[in-house]
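See structure below.
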Amino acid sequence: MAKTKRVFIPGCSLSSYRPELVEEVIKYLKNKLPGTGAILKCCGKPTKALGQYDKFKERYAGLQSEIDKLGADEIIVACQSCYLTMSANSPEQKVTSLWELMPEIGMPEGTAAKAEKSDLTIGVHDSCSTRDREDIHNGIRWILDQLGYNTEEPPHTKENTRCCGFGGMVVPANPDLAQKVMDRRTGEFETEHLVTYCAACRESMTKGGKKAVHILDLIFGPVWTSESEFPGLGTPIESWVNRYKTKKKMQKVLS
């Protein structure tokens, strides 16, 4: 296995959502930070949320082994749950959010101001798991400003954001409660169009009745307008197929 000092870990939700976005992020990072590697493996956070601590430790040890094999001393993540989990369990590595990193290394080529003529006003939903990370909040808004989109801030935003309804494994445990939380959150926005930086949050916003995209859709996709067809909800089978597709795309771009 080739050695690298830096590794990108996209997380399960993003990999299940759109494999091509993972591919584009890796290409972007390899261009800006040559030698960046990548790993597709679960951090085990859902297992821990269910109270299966021994199983979590076992799963995280497997991930840590892959990181150590690469010789990486920095982990770049796009998932907020991964950020917290890895920060707490990989003390020998620096854990960096993609959203705090992008303002430092610059936008992908050709993306700056591309949406300045879009008619959208996009509501920004912050992930509750990193509600105390001002650098992530600022990074997301810097990206949206660089792209040229007009944005809306809900009453509860940044450090005061509300849960999307997906946290704590509440969806499988109590789907009715989860839906109430989703509806409460989406009801705070005047605009019908929302952006998240978590694929699970995007799904929750969609279940709450809004048209939602992941911020990587805005960065690497077309210019979104009120006439655009926003992504819906995938099936569990599609999610697993997308993870397989992500693995194949990662192998290709890293080879």
Side-chain angles (χ1 to χ4, degrees), residues 9-18 41-60 63 77-89 95 97 99 123-133 136-137 140 153-189 191-217 230-243 246:
I9 302 179
C12 301
S13 295
L14 180 58
S15 304
S16 300
Y17 172 52
R18 288 193 63 193
K41 202 173 184 72
C42 180
C43 73
K45 187 263 183 182
T47 308
K48 185 178 181 181
L50 290 170
Q52 298 178 346
Y53 299 112
D54 290 340
K55 181 60 70 174
F56 163 72
K57 291 178 181 178
E58 179 184 329
R59 291 190 173 181
Y60 198 85
L63 173 61
V77 295
C79 169
Q80 282 55 251
S81 291
C82 287
Y83 178 84
L84 295 179
T85 302
M86 295 177 192
S87 295
N89 293 279
V95 181
S97 169
W99 320 124
V124 184
H125 167 74
D126 288 297
S127 299
C128 65
S129 55
T130 50
R131 57 161 42 96
D132 61 343
R133 289 305 303 261
I136 293 178
H137 306 155
I140 291 297
E153 297 282 358
H156 295 88
T157 188
K158 299 180 180 178
E159 70 273 13
N160 295 314
T161 190
R162 281 178 163 172
C163 177
C164 72
F166 211 91
M169 303 301 289
V170 68
V171 172
N174 192 334
D176 291 338
L177 175 60
Q179 189 62 54
K180 289 180 182 178
V181 176
M182 293 171 188
D183 293 340
R184 181 186 71 168
R185 180 54 173 164
T186 56
E188 293 193 23
F189 293 90
T191 179
E192 290 300 305
H193 306 95
L194 304 185
V195 62
T196 74
Y197 42 101
C198 165
C201 287
R202 190 213 70 85
E203 183 174 333
S204 291
M205 298 299 98
T206 303
K207 287 182 176 179
K210 294 294 188 178
K211 297 178 179 179
V213 290
H214 192 284
I215 194 166
L216 292 174
D217 286 309
F230 278 64
L233 300 171
T235 66
I237 292 178
E238 288 172 335
S239 294
W240 283 107
V241 170
N242 280 341
R243 291 187 193 185
T246 298

- Query: What distance do His156 atom NE2 and Glu188 atom CD have between them, rounded to the nearest 0.5 Å?
  - Reply: 5.5 Å
- Grab the two heavy atoms, one from Gly165 and one from Ala178, that are nearest each other, plus how far apart they are. O-CB, 3.5 Å
- Query: Stepwise, does the side chain to side chain contact (heavy atoms under 4.5 Å, CB included) test hold for Met86 with Leu63?
  - Reply: CA-CA 10 Å; Met86 295 177 192; Leu63 173 61; 3.7 Å; yes
- Note on the structure: Correct closest heavy-atom pair for Pro231 and Tyr17 would be CG-OH, 3.3 Å
- Message: Regarding Asp183 and Gln179, do their side chains bring together a donor and an acceptor under 3.5 Å, going by distance alone?
- Response: yes
- Note on the structure: Tightest non-hydrogen contact, residues Gly209 and Glu192, listed as O-OE1, 3.9 Å
- Task: Report yes if some heavy atom in the side chain of Met182 is under 4.5 Å from a heavy atom in the side chain of Val171; otherwise report no.
- Result: yes
- pair Leu177-Val170: side-chain heavy atoms closer than 4.5 Å: yes
- Looking at SG of Cys128 and CD of Glu159, how far apart are the two atoms once the value is rounded to the nearest 0.5 Å? 13.5 Å
- Message: Testing the basics here: between Ala78 and Leu14, what is the closest heavy-atom pair and its distance to 0.1 Å?
- Response: CB-CD2, 4.1 Å
- Message: Does atom CZ (Arg131) have a neighbourhood of more than 12 heavy atoms from anything else shown, all under 6.0 Å?
- Response: yes
- Task: Quick one: pull up NE2 in His214 and CG in Leu194 and give me the separation to the nearest 0.5 Å.
- Result: 13.5 Å
- Item | Between Arg202 and Thr206: side-chain donor-acceptor atoms closer than 3.5 Å | yes
- Task: Spell out, as yes or no, whether a donor-acceptor pair under 3.5 Å connects the side chain of Lys41 to the backbone of Arg59.
- Result: no
- Query: Taking the side chain as C-beta and beyond, is there a heavy-atom pair between Asp217 and Arg18 under 4.5 Å?
  - Reply: yes
- Query: Aromatic rings Tyr197 and Trp99: how do their planes relate, parallel, tilted or perpendicular, breaks at 30° and 60°?
  - Reply: perpendicular
- At their closest point, which heavy atom of Gly44 faces which heavy atom of Phe56, and how far apart are they? O-CD1, 3.3 Å
- Item | Distance in Å, Thr47 OG1 paired with Glu58 CD, rounded so as to fall on 0.5 Å steps | 9.5 Å
- Note on the structure: To the nearest 0.5 Å, atom NE2 of His137 lies from atom OG of Ser127 at 8.0 Å
- Just by modelled atom types, is the Phe189 backbone N or O under 3.5 Å from a matching donor or acceptor in the Lys210 side chain? yes
- Query: What are the two closest heavy atoms between Thr161 and Asp126, and how far apart are they?
  - Reply: OG1-O, 2.8 Å
- Item | Donor on one side chain, acceptor on other, His125 and Arg185, under 3.5 Å | yes
- Rounded distance (nearest 0.5 Å) linking atom CG of Asn242 with atom OG1 of Thr235: 9.0 Å
- Message: Do Lys45 and Cys82 have side chains that approach each other closer than 4.5 Å (heavy atoms only, starting at C-beta)?
- Response: no
- Leu233 atom CG, neighbour heavy-atom count above 12 within 6.0 Å: yes
